[in-house]
Amino acid sequence: MESLTVMDAEEEEVLQVLEVCQTIEEFREVIVTTIEEDSNNSPPVASSGTGTKPSQDDNWGETTTAVTGTSEHSLSQEDIVRITKDLEDSVGLDCRRYFTLTLAVVMGLLVFLTPVAFLVLPHLLWPEKLQSCGTACEGLFISVAFKLLILLLAVWALFFRSPRAGLPRVFVFRALLAVLVLLFVMSYWLFYGVRILDTQDDNYQGIVQYAVSLVDALLFIHYLAIVLLELRQLQPRFSVCVMRSTDGEKRHYNLGQLSIQRAALAVLEHYYCDFPVHNPALLSASKSRAAKHLAGLKVYNVDGEFPAALAEGPGNNAAAGMAHSQSRAMIAAAARRRDTSHNELYYEDAEHERRVRKRKARLVVAVEEAFTHIKRMQEEEQKKTPVDVMDPREAAQAIFPSMARALQKYLRTTKQQHCHSMESIQQHLAFCITNNMTPKAFLESYLSAGPTLQYSRSHWLARQWTLISDASVTSGLSDGCVFQLKCVDFSLVVTTKKIPYIQMSEEYIDPKSHKFVLRLQSETSV
């Protein structure tokens, strides 16, 4: 009986556990469904190279929305895979960067310690056989010391700089210089070992001159490095056209004799400073217009439908022919409707421009009125210590609500609401108040699209750019060379044209030959 009672109790506990698990599973399904519905109804997310992030609340001028902990910390399988891939990429980049730095440090120590070792080893191995070092020999010590100091500073200025980017391939000229220095130092060590260490040469002044010749040669190699790495690329040789694939924005730049990967790096540096920020919201209007035109088209089969068995049977082209005829009919109908769609586009653009001008006028008036409510205190006024004294941050928070609604409506109309958060606008407002800027200076960041670096890093910083080229990325630029720089949302298409050779001639004109006469006609009033 006791065993039956224990078994019944265990069965009841198992049933309770199963009920609890079922309840938790139902609750999880409800949470997942709610998250999916929220993600489907959420506004467009700002483009970013680091991945998809939840967009900010566009109603910061009117409402405030609280985000639950469930939607903030929920991760899908795709998010986990993406995070793992980013970690692997970052670990690989860091390992390669530290390996390059370690190799450079080891080679630098080998180069700088070799002349010192040439001078020290004879004193350690056969000091009793060495001849005395005269005045000329001691002067060479000073020469070696100062030349090594100059070489140390020059190498630090040229090579030990923070890297601007991680390139896919090794820099050819830098690798050749490293191999040249390594072979050069090994050759000096080989000669030193055979002619000085083995024979235990007692002419110490000759050994010092040998070390001085090594330092002189290293200085000449450093000069060669300056010519190959810095001076060679200064003269413009090519004109590159950089075009963004989504909106057609393009710029032209002049570049020197560079490899494809270094030219891509120069293009990206110019891109962040010259190109306006990529705004995918401006591209949705044309897509929605085309989808609306095609959505209004329907195809009817007046001859009857094909049987499903025939459409699904292998080797039967009847269904394919029917689909082809339907697509041709839709294309023809869309072409006929396109003849009148330009009027719709014209009126849509005119209405949009009218709304933008209206929102802009309201925004300018609101900002000018808000700026009239604050006044910078002078030094004599600060001594009086009035009651209401605010710092720039508090002053910005005080006048921001009066302009927030007009600014939010303007940003929505121009589709810039995802580029400016409430916090960034208040920081910019406090910056303008601190530096005594006018309302027009404050509005300049919002009325005209600025360069990409002007905005927050979360809106433009790409985790990784991919260089796509038919030729090797270590080869130099050539006339007609085309390559792409691809990130998550768009790509930059770069076309290279060689700057032509210009032939100029001289023509001398004698200044005394500039003689003129006045031509008078009978109808002239003179």
Applying side chain to side chain contact (heavy atoms under 4.5 Å, CB included), run through V111 and V185 and close with a yes or a no. CA-CA 7 Å; V111 168; V185 173; 4.2 Å; yes

Contact check, side chains of [X] and [Y], non-hydrogen atoms, under 4.5 Å:
| X | Y | value |
| --- | --- | --- |
| L492 | M243 | no |
| P280 | K415 | no |
| K147 | D216 | yes |
| K440 | V367 | no |
| S259 | V172 | no |
| T466 | L485 | no |
| T413 | H352 | yes |
| Q416 | H420 | yes |

If you look only at distance, which donor and acceptor atoms sit under 3.5 Å apart when one is on a side chain in residues 229-236 and the other is two or more places apart or in another chain?
residue : atom : partner : partner atom : Å
E230    : OE2  : R161    : NH2          : 2.9
R232    : NH1  : Q257    : O            : 3.4

Taking it one step at a time, do N279 and H418 satisfy side chain to side chain donor-acceptor pair (under 3.5 Å)? CA-CA 9 Å; N279 192 354; H418 68 281; 3.2 Å; yes

What heavy-atom pair brings [X] and [Y] nearest, and what distance separates the two atoms?
| X | Y | result |
| --- | --- | --- |
| A396 | L429 | O-CD2, 3.5 Å |
| C273 | P451 | O-CB, 3.2 Å |
| A441 | M437 | CB-CB, 3.9 Å |
| F483 | L477 | CE2-CD2, 4.1 Å |
| K486 | S491 | CA-CB, 4.0 Å |
| T246 | D489 | CG2-O, 3.9 Å |

Look up atom [atom1] in [X] and atom [atom2] in [Y], then write down how far apart they are to the nearest 0.5 Å.
| X | Y | atom1 | atom2 | value |
| --- | --- | --- | --- | --- |
| I226 | L177 | CD1 | CG | 11.0 Å |
| H222 | L158 | NE2 | CG | 4.5 Å |
| L447 | L443 | CG | CG | 5.0 Å |
| L411 | I425 | CG | CD1 | 5.5 Å |
| W189 | Y192 | CH2 | OH | 6.5 Å |
| L153 | L148 | CG | CG | 11.0 Å |

Where do L167 and R262 land on the side chain to side chain contact (heavy atoms under 4.5 Å, CB included) test, with the steps shown first? CA-CA 8 Å; L167 300 179; R262 290 182 63 81; 4.2 Å; yes

With side chain to side chain donor-acceptor pair (under 3.5 Å) as the criterion, how do Q209 and S213 come out once you've worked through the C-alpha distance, each side chain's angles and the decisive distance to 0.1 Å? CA-CA 6 Å; Q209 290 178 350; S213 66; over 6 Å; no

Partner residues of D274 under the salt bridge (charged side-chain N to carboxylate O under 4.0 Å, His left out) criterion, sequence neighbours left out: none

Would you tabulate the side-chain donor-acceptor contacts of residues 493-506 under 3.5 Å, counting partners in other chains and residues two or more places apart, or write 'none'?
residue : atom : partner : partner atom : Å
T496    : OG1  : C481    : O            : 3.2

Tell me yes or no: between the side chains of S421 and S424, is some donor less than 3.5 Å from an acceptor?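 S424 and S421 do have a side-chain donor-acceptor pair below 3.5 Å.
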
Take V240 and N254, measure what side chain to side chain contact (heavy atoms under 4.5 Å, CB included) needs, and give me the verdict at the end. CA-CA 6 Å; V240 295; N254 290 337; over 6 Å; no

Before we go on, tell me: are the rings of Y210 and F191 under 6.0 Å apart, centre to centre?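 Yes, close enough.
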
Does the ring centre of Y410 sit less than 6.0 Å away from the ring centre of Y446?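 They do not qualify: ring centres at least 6.0 Å apart.
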
Residues which pass ring-ring contact (aromatic ring centres under 6.0 Å, His included) with H270, listed by chain and number, not counting sequence neighbours: Y253

Is it the case that atom CG in D470 sees more than 12 heavy atoms from other parts of the structure closer than 6.0 Å?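 No, not enclosed.
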
More than 12 foreign heavy atoms under 6.0 Å from CZ of R251: is that the case here? yes

With sequence neighbours left out, which residue pairs that include part of residues 476-485 fulfil the side chain to side chain donor-acceptor pair (under 3.5 Å) condition? none

V116 and its side-chain contact (heavy atoms from CB on, under 4.5 Å) partner, picked from T114, L119, V120: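 Exactly one candidate clears the test, V120.
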
Output every pair passing ring pair (Phe, Tyr, Trp, His ring centres under 6.0 Å) with a member in residues 141-187, not counting sequence neighbours, ordered by first then second residue.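 Listed once each, the pairs are F184-Y188.
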
